[in-house]
Every structure is written in structure tokens, then in C-alpha cells.
**Q** 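Okay, handing you the structure first.
Letters A, B, ... mirror the listed sequences (proteins, then strands); counts begin at 1. Model, not experiment: these values are computed from the prediction.
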Amino acid sequence: MQSFHYPHLPSEYATVHVALYTNVTNSAEIRGRIVRAAQLEGPDGETEREAVNFAFLDARLICSPLHLQTAVYQAILAQVQGSIRTKTVHSEILWALNPTNNITEAIRRYGVADTTTALIVVRICSPELNDVEKRMSAVVSGTLSSLDALVDITDWASVKKYCKLNGEPALKAVAKDPAKERLLVEEIVTSSVAMKSVMA
Amino acid sequence: MTGQTKSPSLKLLDTAEKVSQGAEAKIYRVQLHPTPVCSSSAAAESGEVAEKVLLKYRFRKQYRHPSLDASLTKSRVAGEARALIRCLRSGVNVPGIRMVDAPEGILGIEWIDGKSVRFLLGGGAEGEEEIVEDATDEPEEGDLPPEEDQLQEYGISQDALMGMIGTEIAKMHQADIIHGDLTTSNMMLRHPSSRKGLQLVLIDFGLAYTSTLVEDKAVDLYVLERAFSSTHPQSEPLFAGVLKAYETRMGKDWAAISRRLDDVRLRGRKRSMVG
Ligand SMILES: Nc1ncnc2c1ncn2[C@@H]1O[C@H](COP(=O)(O)OP(=O)(O)O)[C@@H](O)[C@H]1O
Ligand SMILES: [Mg+2]
């Protein structure tokens with residue numbers, strides 16, 4: 001797990017914890033818990049919601065740590081400015097990642113599916129919360145991996161498809177050079193996330 | 001102290017290094033995302049060096065009505081960001097976008113490691129620009145080595161640089177993007193040692209717009225021609241090199257733009273004789 005501290009953000013959103021899990025075996029269970037937590041009432045509901053109070057992302061659609069950080073940062077800014085479109089700062093990350101304004105689609109594409117085997121888990125919280133990795137590992141059954149492992153996980157074809165990059169002049173120009181193409185896709189995708197709030 | 005606390009983005013500016021100040025915006029440099037702390041249970045993360053970001057802050061203009069100012073600022077930030085993403089998708093070299101806080105008037109873009117074309121052509125730093133110089137950078141801009149030496153570090157000739165400029169502008173015009181403020185200060189050469197390698201990068205899309213009109217493209221070129229002649233001695237062969245590469249890239253679209261450029265020059269000359 002990596003932790004980032006942003007001193008200029010309000011304390012309750014100043015720390016971002018990010019972990020990559022590979023070989024995840026309980027995605028269906030996680031998805032079920034998220035759905036149920038939203039419906040449960042009373043103190044049990046509170047407890048369960050806190051237990052799954054993370055953003056769960058399909059790691060295959062993340063190009064790089066910067067891509068992820070950009071979405072997280074824009075989600076926090078929206079939260080602080082009172083302009084979030086979804087229920088929580090964590091679901092706002094999914095919204096920030098998806099090129100369209102369709103929230104259901106964002107969750108379906110970028111969230112955890114029953115078949116997900118590589119999962120990025122994000123928690124935005126105050127610096128005081130200090131057992132985050134333990135809380136993550138209590139939910140996810142998988143191998144905690146370095147974010148560097150992303151390079152072998154990113155599914156570039158899906159990234160290009162969702163961001164409608166196929167046929168763009170920029171990509172045609174580097175079609176013969178996969179390394180250059182990835183750099184370019186990463187740049188366009190990251191930039192799109194950063195400016196989504198002023199896109200339309 | 002009032003009860004109001006500063007917004008996150010303004011607090012971020014407080015920690016940033018001021019680079020320059022124009023009439024519309026202040027420019028800062030900062031590391032947006034902090035260096036991560038890694039927990040012990042995961043394998044050690046190598047992690048790349050966190051990149052620097054340039055923050056362009058369109059500060060409040062006292063001479064404008066506050067609500068007009070707010071909406072103008074917001075639409076300028078949005079406009080610049082949209083022009084950049086359009087360029088990126090069209091394969092035009094521009095800085096990537098890193099952060100947008102439109103209500104505060106702040107646009108965060110990728111920091112380009114390199115020098116402005118103006119500087120590389122020996123035009124020096126723009127008076128109001130370059131308040132601070134990157135300490136990790138090569139020799140200070142204060143004691144200028146001869147122009148050729150400045151380019152040597154980038155491994156290209158002046159002619160090659162002119163060609164890169166013409167090609168990049170042509171790519172932009174083919175995507176029907178008009179820059180609106182083409183000068184040698186608004187283009188940079190990315191250092192060959194950076195991740196993306198040597199590149200001519202167009203910057204400052206604050207006045208950019210989209211248009212298919214030959215007239216708009218011709219005026220864009222004319223503005224650059226004037227900028228060359230007012231900042232750089234012996235600019236004619238330089239600008240000819242820009243146009244040559246532009247022509248090659250534009251192909252069949254060049255003829256109409258070339259004719260219109262002649263018209264625009266003529267109008268410009270008449271205007272300067274009158275005024
Ligand atoms: N992405 C960047 N990376 C590094 N330096 C930059 C970048 N963008 C701008 N600069 C520097 O800052 C100056 C001012 O930025 P610019 O966007 O042109 O704003 P202005 O509207 O004030 O001219 C530029 O002339 C250039 O020297
Ligand atoms: Mg400028």
C-alpha cells in the first residue's frame with residue numbers, strides 16, 4: 001500500500017491510501033457486500049458501510065499511478081467544493097475515470113465485477129486513520145502488490161475503446177511503435193480525467 | 001482573519017514556486033502529488049520521480065464585476081483545457097493536463113523540461129517572465145552562451161528547429177485549431193533527456209479556438225511572422241524555414257493559405273502606413 005499526504009487539503013480528505021491486489025479470489029463477494037451495505041439499516045449498516053468504505057477499481061483500466069492520482073485528486077476537489085455528482089468521494093473517483101456522465105456505466109466499467117482479479121483499492125481519509133491496510137486486507141482476498149505491477153495489468157485495448165481513442169489522428173501517427181502509443185494513450189486518458197469537470 | 005478558510009488550490013499556490021506573472025495569469029511550479037510513503041508489507045516500490053506541474057492561476061481582476069469575472073475566468077480555464085485535449089487527441093505536441101479547478105481559475109499542466117524557442121534563438125527571457133530559474137537546470141539564463149551552443153545541448157540545428165515549428169503548427173491547423181497567440185515564447189523545446197524525448201511543444205492556449213477558415217489559419221501564421229521579426233534579428237530565413245515545413249505538412253491545403261497569408265501581410269502593411 002502507498003499513502004499520499006496532501007497538506008493543502010482539508011484534514012478529512014488529506015490522506016490517500018492506494019493498494020493494488022492481484023490474484024483476487026473474492027470479487028463477487030466484495031461486490032455483494034458493497035450492494036448490501038448500501039441497503040442495510042441501523043448500526044449493522046453503519047458498520048458494514050465502514051468496512052467497505054473504499055473505492056474498488058478494476059486495475060486493468062488504470063494506465064499508471066498518475067492516471068489514478070489524477071482521478072482521486074479531482075474527486076476530492078469536487079467533494080470539497082460541493083460539486084460531486086455521486087454519493088461519496090469514493091464513487092466520485094469512478095465518475096472521474098469514466099469519459100461519459102453516466103454514473104451506472106462508470107460503476108459497471110471501472111468498479112469491481114464478479115470476474116475481477118486485479119483490484120485497486122483507494123481510501124480517502126484523515127491522516128489519523130492508521131490501520132487502513134489492515135481494513136483493506138480484511139475485505140480483499142488476494143496478493144498485495146506493488147503499484148509498479150500495473151504495467152503488466154493495464155488492458156490497453158479496453159482503455160482505448162472506452163476513451164474512444166481508436167481512429168484518433170494522434171494514435172495513427174504512432175501505430176507502429178507500441179511504447180510510444182502507450183505513452184500517448186496514457187497522456188490523453190490522464191488529461192481527459194483531469195479536465196472532465198470542464199469537458200462539456 | 002475572516003471566518004473563511006482558503007480553498008485547497010489557493011493553499012497549494014502558497015507552497016508553489018512563482019515562475020512568472022502576466023497580465024492575465026500568474027504561473028507557478030509545484031509538485032502536485034506528494035511522494036508516497038510505502039507500507040512495509042508491500043514490496044518496495046521503485047516509483048518514478050514525481051513530476052512537476054505548472055499551475056496557471058487566472059487571478060481576480062479588480063476592474064471587472066465580480067460575477068462577470070468569475071464566469072469569464074471559468075470559461076477561459078475551460079477553453080484552454082478543451083483546446084489542449086483537442087490537440088492531444090490530434091497528435092499535436094502540447095503539455096498534458098494534470099488538474100483543473102475552474103471555480104478558482106486554476107489550470108494545472110505538465111511541466112515541460114526544456115527552454116522556450118525565444119530563448120533558444122537568443123531572444124533572451126521575456127522581461128516579465130522567468131522570475132526564478134530552475135536550480136537543477138543547466139547554465140543560468142543570465143550569462144547567455146552563443147545561440148548555437150544553446151541548441152547544441154538539444155542536438156539539433158536552428159534549421160531543424162524551424163522545421164519542427166512549422167510541422168507542429170500544421171498539425172494543429174489540420175485539426176482546425178487556431179492558437180491565437182503564436183509567438184516564440186509560446187513554444188518550447190522539450191529536452192531530449194525527458195521521458196517523452198525531444199519535442200517541439202506548443203503552449204499557452206488561452207486564446208485558442210476552433211475554425212476551419214483559411215483566413216484564421218493565415219492570420220495565425222502572420223502573428224508568428226510578426227513575432228519573429230520583432231524578437232529575432234535576421235528572422236526572414238528563419239521564418240521561411242517554418243513556412244517550408246508547414247507547406248510540406250499541409251500539402252494541398254497550403255496553396256489557399258499561402259495566398260491568404262499574402263493578403264493578410266498586405267493588409268497589415270497598409271494598416272501600419274495609416275496608423
Ligand atoms: N508547461 C510548461 N512547462 C514549462 N514552462 C512553461 C509551461 N507553460 C508555460 N511555461 C512558461 O511560462 C510562461 C508563461 O506561460 P503561458 O502559458 O505562456 O502564460 P501567459 O498567458 O502568461 O503568457 C511561458 O512563456 C513559458 O516560459
Ligand atoms: Mg505566453
**Q** Could you look at P10(A) and say if it's the side chain, the backbone, both or neither that has a heavy atom under 4.5 Å from chain B?
**A** side chain
**Q** Is any side-chain heavy atom of L66(A) closer than 4.5 Å to one of E51(B)?
**A**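 Yes, side chains in contact.
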**Q** Is the closest side-chain heavy-atom distance between L165(A) and R89(B) below 4.5 Å?
**A**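 Answer yes - side chains close enough.
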**Q** I'd like to know whether NZ of K196(B) has more than 12 heavy-atom contacts from other residues, nucleotides or ligands below 6.0 angstrom.
**A**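 Result for NZ/K196(B): enclosed.
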**Q** Between A194(A) and I97(B), which heavy-atom pair has the shortest distance, and what is it?
**A** CB-O, 3.5 Å
**Q** Taking the side chain as every heavy atom from C-beta outward, state whether M99(B) and L77(A) have any atom pair closer than 4.5 Å.
**A** yes
**Q** Any donor-acceptor pair under 3.5 Å linking the side chain of R98(B) with the backbone of S191(A)?
**A** no
**Q** For residues V100(B) and M195(A), report the shortest heavy-atom separation together with the two atoms involved.
**A**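 So the two residues come closest at CG2-CA, 3.7 Å.
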**Q** Taking side chain as everything from C-beta outward and backbone as N, CA, C, O, which of these in Q69(A) sits under 4.5 Å from a heavy atom of chain B? Side chain, backbone, both or neither.
**A** both
**Q** What is the distance from atom CD1 of I188(A) to atom CG of L84(B), rounded to the nearest 0.5 Å?
**A**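 If we round to the nearest 0.5 Å, I188(A):CD1 and L84(B):CG are 12.5 Å apart.
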**Q** Considering only heavy atoms, which portion of E110(B) lies under 4.5 Å from any heavy atom of chain A: side chain, backbone, both, or neither?
**A** side chain
**Q** Using heavy-atom distances under 4.5 Å, tell me whether L10(B) contacts chain A through its side chain, its backbone, both, or neither.
**A**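 L10(B) has no heavy atom closer than 4.5 Å to chain A.
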**Q** Find out whether Q81(A) and D101(B) are in side-chain contact, i.e. whether some heavy atom of one side chain is under 4.5 Å from a heavy atom of the other.
**A**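 A side-chain contact under 4.5 Å exists here.
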**Q** May I ask you to test the K11(B)-L9(A) pair for a side-chain heavy-atom distance under 4.5 Å?
**A**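 Not in contact.
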**Q** Which atom names give the shortest non-hydrogen contact between E187(A) and L88(B), and what distance separates them?
**A**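 What the structure gives for the nearest pair is CG-CD2, 4.1 Å.
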**Q** Taking everything shown except Q39(A) itself, do over 12 heavy atoms lie less than 6.0 Å from its CD?
**A**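 More than 12 within 6.0 Å, yes.
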**Q** Examine whether an atom of L12(B) lies under 4.5 Å from a heavy atom of chain A, and if so say whether it belongs to the side chain, the backbone or both; otherwise answer neither.
**A** both
**Q** Taking atom NE2 of H8(A) and atom CG of L32(B), what is their separation to the nearest 0.5 Å?
**A** 6.0 Å
**Q** Taking atom CZ as the centre, does R60(B) end up with more than 12 heavy-atom neighbours from other residues, nucleotides or ligands that are less than 6.0 angstrom away?
**A**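 Incorrect, the count does not exceed 12.
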**Q** Which atoms of S197(A) are under 4.5 Å from chain B, going by heavy atoms: the side chain, the backbone, both sets, or neither?
**A**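 For S197(A), side-chain heavy atoms alone lie under 4.5 Å from chain B.
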**Q** What residues of residues 53-60 of chain A sit under 4.5 Å from chain B when you count only heavy atoms?
**A** none
**Q** Would you mind checking which part of P34(B) comes under 4.5 Å of any heavy atom in chain A, side chain (CB onward), backbone (N, CA, C, O), both or neither?
**A**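 Contact with chain A: backbone and side chain both.
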**Q** Under a 4.5 Å heavy-atom cutoff, which of S90(B), G91(B), G197(B) has the most pairs with chain A?
**A**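 Of the candidates given, the most pairs with chain A belong to S90(B).
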**Q** Are there over 12 heavy-atom neighbours, none belonging to K61(B), within less than 6.0 Å of that residue's NZ?
**A**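 Correct, the count exceeds 12.
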**Q** Considering only heavy atoms, which portion of F4(A) lies under 4.5 Å from any heavy atom of chain B: side chain, backbone, both, or neither?
**A**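 Contact with chain B: backbone and side chain both.
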**Q** Side-chain contact test, heavy atoms from C-beta onward, threshold under 4.5 Å: evaluate it for H5(A) versus V37(B) and give yes or no.
**A** no
